[in-house]
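Any value given below was found using the heavy atoms of this structure, including those in side chains, with hydrogens, waters and symmetry copies removed. Note that ligands are numbered from 1 as they come in the structure, with each ligand's atoms numbered from 1 the same way.
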Amino acid sequence: MHIQANYSLKPHNTFQIDVKTQYYIEINKPSDILTLRSDLKLASLPWRIIGGGSNLLFTDDLPGVTVRCTFDQLKLVKEDKESVWISVGSGMSWHDLVEYTVENNWWGLENLALIPGTVGAAPVQNIGAYGAEARDTITRVQTLNIYDGQRIRYRNADCNFGYRTSIFKQEFTNQLLIHRVTFRLKKLAHGKPNLVYDPLKQVLKDLDKKDITPKMVFDAVVDIRKSRIPDPSQQGNAGSFFKNPVVDLEYFEKLIKDYPDIPHHRTLDGAYKIPAGWLIEQAGWKGRSHGHAGVSSRHALVLVNLGGASGKDICELYHLVQEDVNHKFGIYLEPEVIIL
Ligand code: EPU
């Protein structure tokens with residue numbers, strides 16, 4: 001293991017923010033972390049584990065140790081007539097995994113194409129898009145506690161998955177190293193396309209549902225995503241910056257009186273989810289900038305690095321957006337991105 005001091009994390013965060021970590025270490029097997037932690041000088045410092053850095057906003061140099069996992073082996077662990085179970089190393093690129101599964105004609109991950117980041121980050125954030133979420137297919141998450149060396153396997157029901165959250169995000173930030181994630185996927189003849197997201201249904205509307213393959217859905221998702229979300233390698237961003245807010249019925253009725261066109265989605269518990277992108281656009285922020293940071297002109301929920309932005313620039317911008325949306329709609333937008 002190579003320990004690098006005073007190391008720039010610019011290549012390891014999709015916002016492309018240039019901050020330095022005191023020590024940077026890549027590990028290619030879980031037990032490496034225990035070896036490292038036996039070094040008392042390193043162990044006394046703060047630690048953090050990063051994946052593809054696609055949901056992080058770095059606002060300053062980071063004292064202590066930043067660890068990135070690179071193990072990316074994929075194993076077929078079980079198979080029956082209908083399903084396959086694959087166990088995947090947390091360092092594998094998420095999109096590469098999705099591509100591999102659709103090439104094998106397995107259903108389950110195709111709606112989640114092109115989400116930046118690694119497999120290990122998928123359960124933390126319960127990544128989701130186009131009507132699917134990681135929790136729909138994850139069966140098991142294997143972890144190692146970096147402080148006491150305990151290995152715990154979480155079953156799906158133990159992960160406390162919620163909208164862009166999980167037990168790993170709520171309770172165990174920087175304590176657990178996720179090293180493997182197991183997914184259950186359906187074989188071609190035993191699954192079906194998930195077309196609940198209307199724009200996706202529109203793209204595939206001329207096809208008979210039974211002729212649609214995982215690859216066709218994957219291609220459609222890639223096209224929609226490319227047209228709406230800037231490629232982070234071209235323009236630094238972390239996908240959706242804010243969560244879509246949820247308001248209760250009483251507040252929703254008040255809003256719809258003032259804004260009859262407000263897009264909304266009723267949740268299972270009778271509340272209303274409102275697209276933050278719409279609120280931001282209505283507040284006049286779509287395509288606007290603040291210094292080197294901007295609100296994407298393609299999708300108002302995406303904040304972008306226009307070149308040379310610092311994490312503080314992005315923070316200033318998001319506070320301005322938050323203030324204006326709150327002022328106009330009385331809704332406080334909460335970042336989805338983790339701010340460090
Ligand atoms: N809208 C606008 N202006 C905009 C963008 C959106 O008015 O600039 C409105 C439109 O009415 C649109 C609605 O917002 O119909 C919803 O937009 P979209 O379908 O793009 O979905 P979203 O709610 O903004 C969520 C996820 C995305 C995911 C898409 C598709 C969150 C925070 N974001 O966005 O996830 O790709 O749905 O399922 O839930 C991510 O998490 O990084 C991400 C990109």
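The residues lining ligand 1, counting any heavy atom closer than 4.0 Å, are G128, A129, Y130, Y163, R164, Y197, R225, R228, I229, G239, S240, F242, N244, P263, P275, G277, W278, E281, K286, H299, A300, L301, E336.
Cation-pi geometry between K186 and W107 is not met at under 6.0 angstrom from the ring centre and within 45 degrees of the axis.
With sequence neighbours left out, the salt bridge (charged side-chain N to carboxylate O under 4.0 Å, His left out) criterion links R184 to no other residue. Residues passing the ring-ring contact (aromatic ring centres under 6.0 Å, His included) test with Y259 are F329, sequence neighbours excluded.
Cluster note: I146 groups with M1, I3, Y23, I25, I27, I33, L34, L36, L42, L45, W47, I49, V65, V67, F71, L144, Y147, L177 through ILVMFWY side-chain heavy atoms spaced under 4.5 Å, whether in direct contact or through intervening members.
The aromatic rings of Y318 and F242 stand perpendicular to each other, their planes meeting at an angle above 60°, with 30° marking the opposite boundary.
In plain terms, the two heavy atoms of P63 and P46 that are nearest each other are O-CG, 3.8 Å.
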